[in-house]
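Lettering follows sequence order; numbering is per chain, from 1.
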2 protein chains.
Amino acid sequence: MQTTSAKYQQQKPQLLARTRVIKALAHPTRLFIVEELEKGERCVCDLTAMIGADVSTVSKHLTVLREAGIVVDDKRRNQVFYRLKVHCILNFFGCVESVLDSQRDEALRQ
Amino acid sequence: MQTTSAKYQQQKPQLLARTRVIKALAHPTRLFIVEELEKGERCVCDLTAMIGADVSTVSKHLTVLREAGIVVDDKRRNQVFYRLKVHCILNFFGCVESVLDSQRDEALRQ
DNA sequence: TGCATGTTTGGCAATATAGCCAAACAGATG
DNA sequence: CATCTGTTTGGCTATATTGCCAAACATGCA
């Protein structure tokens, strides 16, 4: 029996699964997309206009979010609409904001 | 007035700030550390033993978490103890699990 | 069919991340 | 002071990520 790393190794598959989801959110453009989709579905063209990057770049970001299971696409006519698949992402951000608030408080105190 | 990218550009500083926190969580080893610290403080040596990587690697992961404002360190004697600075990270994971659950359900249905 | 619009994919270059080893540093203790 | 334990930092290589352009695909419509 191995004495070191047992605990981590045992949990690793689960940790990797979670990491895949979190990594998908770890980019400003993808965060923007998620927040925008909280308001409702958007086509790639809408998102591209708001973001101001190449369409291919936005499309790849959407692929990352789709493969992570965060959004789903819906092809209608010659457009592709994306929407959130899971709607708890805002809670998620609440915690991120707590971290940032705590940093801001600290900065003020110095 | 700019017609494209205005919205994204305006929000970008905030999005980048959030991204820094999320990126810090986007690694299996760092996720493990956060979950372990939910239970209480741990010294670098404890974490290193559980993870089974080089101490320098673990130390660098801890630096990433510290710089993101997620953990704080406390040097006592010749050891350094880390603990969570913000305690809402578990809610965070709840949402990540929802994403994973929804993927699992889907896999079963196919 | 041919063309316009909207989206995805391939490919490449630039940048960022992760891991290990070696070395530096810090405190405790003989 | 010398040495031991515990931690961080520097440096390097390997790998992953990002963004753009060009090209391929898909759909709608003249």
Side-chain angles (χ1 to χ4, degrees), chain A residues 3-5 8-9 12 15-34 36-37 41-68 70-83, chain B residues 3-5 8-9 12 15-34 36-37 41-68 70-83:
Chain A
T3 61
T4 65
S5 83
Y8 176 67
Q9 289 307 326
K12 198 160 185 187
L15 293 167
L16 279 168
R18 291 179 175 191
T19 295
R20 275 190 287 276
V21 177
I22 297 174
K23 281 177 91 159
L25 294 167
H27 189 284
T29 297
R30 294 195 292 264
L31 226 47
F32 176 84
I33 291 173
V34 168
E36 193 57 32
L37 296 186
E41 66 173 18
R42 298 282 186 272
C43 67
V44 179
C45 49
D46 288 342
L47 294 169
T48 300
M50 288 185 272
I51 292 164
D54 194 276
V55 201
S56 68
T57 301
V58 174
S59 177
K60 278 177 184 170
H61 282 306
L62 286 164
T63 299
V64 171
L65 289 171
R66 181 165 21 84
E67 288 180 348
I70 296 169
V71 304
V72 286
D73 63 335
D74 188 6
K75 302 176 207 319
R76 292 204 303 271
R77 305 185 55 97
N78 64 337
Q79 290 183 316
V80 180
F81 290 86
Y82 279 87
R83 60 173 185 274
Chain B
T3 60
T4 65
S5 85
Y8 176 68
Q9 289 308 325
K12 199 160 182 184
L15 292 167
L16 278 168
R18 291 179 175 190
T19 294
R20 276 191 287 276
V21 177
I22 298 174
K23 280 177 91 159
L25 294 167
H27 189 284
T29 297
R30 294 196 292 267
L31 227 46
F32 176 85
I33 291 172
V34 169
E36 194 57 34
L37 297 186
E41 65 172 21
R42 298 282 186 272
C43 68
V44 179
C45 48
D46 287 341
L47 293 170
T48 299
M50 289 186 270
I51 291 164
D54 195 277
V55 201
S56 69
T57 301
V58 175
S59 177
K60 279 177 184 172
H61 282 306
L62 287 164
T63 299
V64 171
L65 289 171
R66 179 164 25 79
E67 288 180 348
I70 296 169
V71 304
V72 287
D73 64 334
D74 187 6
K75 301 174 209 317
R76 293 203 303 271
R77 305 183 58 95
N78 65 338
Q79 291 183 314
V80 180
F81 291 85
Y82 280 86
R83 59 172 185 276

Over all strands shown, is A/Ser56 touching base, sugar-phosphate only, or nothing at heavy-atom distances under 4.0 angstrom?
base

Mind calculating the distance between NE2 (B/His61) and P (D/dT7) to the nearest angstrom?
16 Å

Hey, what's the ring geometry for B/His61 with B/His27, parallel, tilted or perpendicular (30° and 60° as the breaks)?
tilted

What does B/Tyr82 touch in the nucleic acid at a heavy-atom separation under 4.0 angstrom: a base, only the sugar-phosphate, or nothing?
sugar-phosphate

In whole Å, what is the span from the CD1 atom of A/Ile51 to the C1' atom of D/dG19?
13 Å

Could you tell me how far apart B/Leu62 (CG) and D/dT7 (P) are, to the nearest whole angstrom?
10 Å

Residue B/Thr63, side-chain heavy atoms: nucleotide from C/dT7, D/dT9, C/dC20 that is nearest:
D/dT9

How long is the straight-line distance from CG of A/Leu65 back to CG of A/Leu31, given to the nearest 0.5 Å?
9.5 Å

Report the distance from atom CD1 of A/Ile22 to atom P of D/dA16, rounded to the nearest whole Å.
19 Å

Rounding to a whole Å, what distance do you find between A/Lys23:NZ and C/dA18:C1'?
10 Å

In whole angstroms, how far is the P atom of C/dA18 from the CD atom of B/Glu67?
13 Å

Nucleotide of D/dC21, C/dT8, C/dG6 approaching A/Asn78 most closely (side-chain heavy atoms)
C/dG6

Is there a side-chain contact between A/Leu37 and A/Arg83 (heavy atoms, below 4.5 Å)?
no

Could B/Arg76 and B/Phe81 be counted as a cation-pi pair, given that NZ or CZ must be under 6.0 Å from the ring centre and within 45° of the axis?
yes

Can you see if the side chain of A/Arg77 gets near the phosphate of D/dA26 - specifically, an N or O under 4.0 Å from OP1 or OP2?
no

Check every atom of D/dT7, C/dA18, C/dT8 against the side chain of B/His27 and return the nucleotide holding the closest atom.
C/dA18

Taking the side chain as every heavy atom from C-beta outward, state whether A/Leu62 and A/Asp73 have any atom pair closer than 4.5 Å.
no

Whole angstrom is fine here: how far is it from CZ in B/Arg76 over to P in D/dT5?
21 Å

Considering every strand and a 4.0 Å limit on heavy-atom distances, what is the contact class for B/Arg30: base, sugar-phosphate, or nothing?
sugar-phosphate

Does A/Lys60 reach a base, just sugar-phosphate, or nothing at all? Heavy atoms under 4.0 Å.
base

Judged by each residue's nearest nucleotide on DNA chain C, which is more toward the 5′ side, B/Ala26 or A/Asp73?
A/Asp73

Whole-Å distance separating the CD atom of B/Gln79 from the C1' atom of D/dT7
10 Å

Can you tell me if A/Thr57 touches the phosphate of D/dG19, counting only side-chain N or O atoms and a distance under 4.0 Å to OP1 or OP2?
no

